[in-house]
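Everything on this sheet refers to the single structure shown next.
Since we're looking at a predicted model, the values are computed, not measured. These values consider heavy atoms only, across backbone and side chains, with no hydrogens, waters or symmetry-generated copies. Lettering follows sequence order; numbering is per chain, from 1.
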Amino acid sequence: MGVNLRDILIVENTTIQRFAGQIMLVDSHNILYQFLSSIRQADGTLLRDSRNRVTSHLNGLFYRTLNLMGEGLTLAFVFDGSPHRLKHQTLRARMAVKEKAKEEWKVALEKGDMERARSKARQTSRLTKEMLDEARHLLRLMGLPYVQAPSEGEAQASHMNRKGDAYAVVSQDFDSILFGAKYVARNLALSGRRKLPDKRVWVNAPPEMIDARQSLENLGLTRGQMVDVALLIGTDFNPGIKRIGPKTALKLIRKHGDIEAVLEAKGLEIPELEELRGIFLCPQVTDDYTLRWGDMDGEGMIEFLCEEHDFSRGRIERELDKYTIRQSKRAQKTLDSFFG
DNA sequence: CATTCCCA
DNA sequence: TGGGAATGG
């Protein structure tokens with residue numbers, strides 16, 4: 001997913017508290033997808049309510065969001081619009097992977113291999129329109145604003161970040177750097193525990209931040225050149241060029257200046273090059289939004305989560321209390337700092 | 001993923 | 001007390 005730019009960007013470890021008091025724009029699709037793939041039972045099945053509706057995404061969104069708010073982060077969310085024409089190939093490929101994983105999940109279950117079952121189940125994750133509607137509903141109850149992107153959510157979030165409407169974009173993907181975000185925050189989870197792929201080892205994944213300007217200056221590239229590097233490697237919108245990874249792509253763009261020169265020198269071609277560049281450099285975004293934070297509707301949340309989706313009332317009330325207490329402690333701290 | 005449970 | 005296992009819906 002996204003472009004593999006990790007190896008060439010400067011990714012620095014940080015803390016949640018680092019972002020206290022800042023407006024953070026969350027890539028909703030990215031975060032919800034993570035919840036959907038990770039909040040599962042041992043055999044890989046999703047959490048569901050008594051009417052068989054999936055609740056894993058709400059579970060994750062509720063706890064994660066409340067926790068981050070409790071740490072003083074000001075959250076706003078961006079939802080994807082319709083995908084770009086050139087993304088369809090990737091989306092189809094992903095769908096095929098999911099179908100295959102579904103079968104492998106079933107096989108693993110029959111063999112009693114729970115480890116593999118869970119891992120395959122994760123790969124079948126698919127965000128439905130209903131899940132997205134429910135997520136937006138929960139956000140409304142939490143008093144958090146969300147923006148509907150015309151197309152790519154990451155493009156919209158990066159645009160807003162660039163304009164100064166938010167401090168950073170929250171996403172696991174590195175694409176936001178290409179879309180022009182100033183800062184990208186990753187692993188914004190409280191526990192920071194992440195499973196190593198294909199291993200049964202859990203490692204601590206600390207929050208990370210990428211400073212776009214710092215990374216670009218360090219590489220001696222403009223954002224346009226960075227986009228060219230990405231297009232050589234391959235993005236969600238193009239397959240890239242065989243045997244060219246981050247390191248080689250970087251070397252080539254440095255040597256030749258831009259992708260045209262690279263392709264010329266290598267006798268290669270990338271179809272719809274200008275269109276591809278435009279996706280990142282002149283992205284389809286909107287300025288027709290307002291970020292407006294409201295009060296949390298505790299009663300509404302209990303109604304929605306507990307009565308509607310079977311969450312335990314006591315559990316939700318306890319979390320809301322904890323949040324309130326943390327908030328008042330933060331407020332007290334702020335007051336204290338004013339009076340020395 | 002985040003919390004709770006449970007036992008050393 | 002605390003960290004792995006179980007649970008959540």
Side-chain angles (χ1 to χ4, degrees), chain A residues 1 15-17 19 24 26-73 75 77 109 112-115 117-128 130-135 137-139 141-142 144 170-173 185-197 199-208 296 300-326:
Chain A
M1 255 195 189
T15 60
I16 305 279
Q17 294 74 28
F19 301 106
M24 306 293 282
V26 181
D27 176 358
S28 306
H29 195 279
N30 188 270
I31 203 175
L32 290 171
Y33 186 85
Q34 279 185 269
F35 294 146
L36 218 48
S37 68
S38 62
I39 304 182
R40 288 169 180 267
Q41 292 179 272
D43 63 356
T45 55
L46 288 156
L47 267 41
R48 290 172 186 274
D49 64 20
S50 54
R51 288 168 56 188
N52 212 35
R53 292 169 301 195
V54 173
T55 52
S56 294
H57 58 308
L58 296 174
N59 203 304
L61 187 63
F62 174 72
Y63 285 112
R64 174 82 130 254
T65 302
L66 211 60
N67 277 335
L68 294 179
M69 287 166 74
E71 292 297 332
L73 277 64
L75 302 177
F77 292 74
L109 275 180
D113 185 348
M114 289 303 144
E115 188 86 19
R118 198 171 197 283
S119 141
K120 288 300 166 186
R122 291 175 61 121
Q123 295 176 24
T124 67
S125 306
R126 219 169 61 81
L127 268 173
T128 65
E130 288 69 35
M131 294 176 193
L132 293 167
D133 285 341
E134 289 157 351
H137 186 70
L138 179 55
L139 290 174
L141 295 171
M142 297 183 96
L144 298 172
V170 180
S171 176
Q172 293 302 99
D173 292 348
R186 306 182 74 245
N187 301 343
L188 278 205
L190 227 57
S191 66
R193 277 177 44 194
R194 280 265 305 274
K195 196 179 197 294
L196 248 45
K199 300 218 173 100
R200 51 191 230 85
V201 186
W202 290 81
V203 289
N204 209 45
E208 299 173 340
M296 207 154 64
M301 287 174 63
I302 286 168
E303 154 114 44
F304 177 63
L305 291 174
C306 305
E307 290 167 30
E308 185 76 6
H309 291 289
D310 302 347
F311 282 67
S312 131
R313 193 187 179 95
R315 212 160 167 218
I316 298 301
E317 280 174 348
R318 198 154 52 243
E319 290 307 317
L320 293 177
D321 283 348
K322 272 189 344 202
Y323 167 73
T324 311
I325 291 166
R326 263 195 288 177

Discussion item. For A/Met142 versus A/Met69, what's the shortest heavy-atom pair and its separation?
Written reply: O-CE, 4.1 Å
Item to complete: Measure the distance from CD on A/Gln41 to C1' on B/dC1 and round it to the nearest whole Å.
Response: 14 Å
Worksheet entry | Rounded interatomic separation in angstrom, taking CD from A/Glu130 and P from C/dG9 | 22 Å
Practice prompt. Please name all residues satisfying salt bridge (charged side-chain N to carboxylate O under 4.0 Å, His left out) with A/Arg40, sequence neighbours left out, ordered by chain then number.
Written response: none
Worksheet entry | Nearest-neighbour nucleotide for the A/Ile39 side chain, C/dG9, C/dG8, B/dT4 considered | C/dG8
Practice prompt. State which residues pass side chain to side chain donor-acceptor pair (under 3.5 Å) with A/Glu317; sequence neighbours excluded, sorted by chain then number.
Written response: A/Arg313
Item to complete: Check DNA chain B against residues 300-311 of chain A and give the residues with a non-hydrogen atom under 4.0 Å, in numerical order.
Response: none
Worksheet item: Can you tell me how far P of C/dA6 sits from CG of A/Leu47, to the nearest Å?
Response: 16 Å
Discussion item. Please report the distance, rounded to the nearest Å, between CG in A/Leu36 and P in C/dG8.
Written reply: 19 Å
Practice prompt. Tell me, please, which residues at least two apart from A/Asp321 pass side-chain contact (heavy atoms from CB on, under 4.5 Å).
Written response: none
Worksheet, complete the sentence: Hits for side-chain contact (heavy atoms from CB on, under 4.5 Å) against A/His29, two or more places apart or cross-chain, chain-then-number order -> A/Asp27, A/Asp80, A/Leu127
Fill in: A/Leu66 CG - B/dC1 C1' separation (whole Å)
14 Å
Worksheet item: Where along residues 52-65 of chain A does a heavy atom come under 4.0 Å from DNA chain B, residue by residue in number order?
Response: A/Tyr63, A/Arg64
Fill in: Stepwise side chain to side chain donor-acceptor pair (under 3.5 Å) check, A/Ser50 with A/Asp310
CA-CA 7 Å; A/Ser50 54; A/Asp310 302 347; 2.9 Å; yes
Fill in: A/Asn52: partners by side-chain contact (heavy atoms from CB on, under 4.5 Å), with sequence neighbours left out
A/Arg48
Worksheet item: What is the distance, rounded to the nearest whole Å, between atom OH of A/Tyr323 and atom P of B/dA2?
Response: 17 Å
Worksheet item: Which pairs pass ring-ring contact (aromatic ring centres under 6.0 Å, His included) with one or both residues in residues 47-70 of chain A, sequence neighbours excluded?
Response: none
Discussion item. Applying a 4.0 Å non-hydrogen cut-off, can you work out what A/Arg318 is touching in the nucleic acid: base, sugar-phosphate, or nothing?
Written reply: sugar-phosphate
Worksheet item: In whole angstroms, how far is the C1' atom of B/dA2 from the CG atom of A/Asn187?
Response: 15 Å
Fill in: A/Arg126: partners by side-chain contact (heavy atoms from CB on, under 4.5 Å), with sequence neighbours left out
A/Met95, A/Lys98, A/Thr128
Discussion item. Nearest whole Å is fine: how far is C/dA5 P from A/Glu115 CD?
Written reply: 11 Å
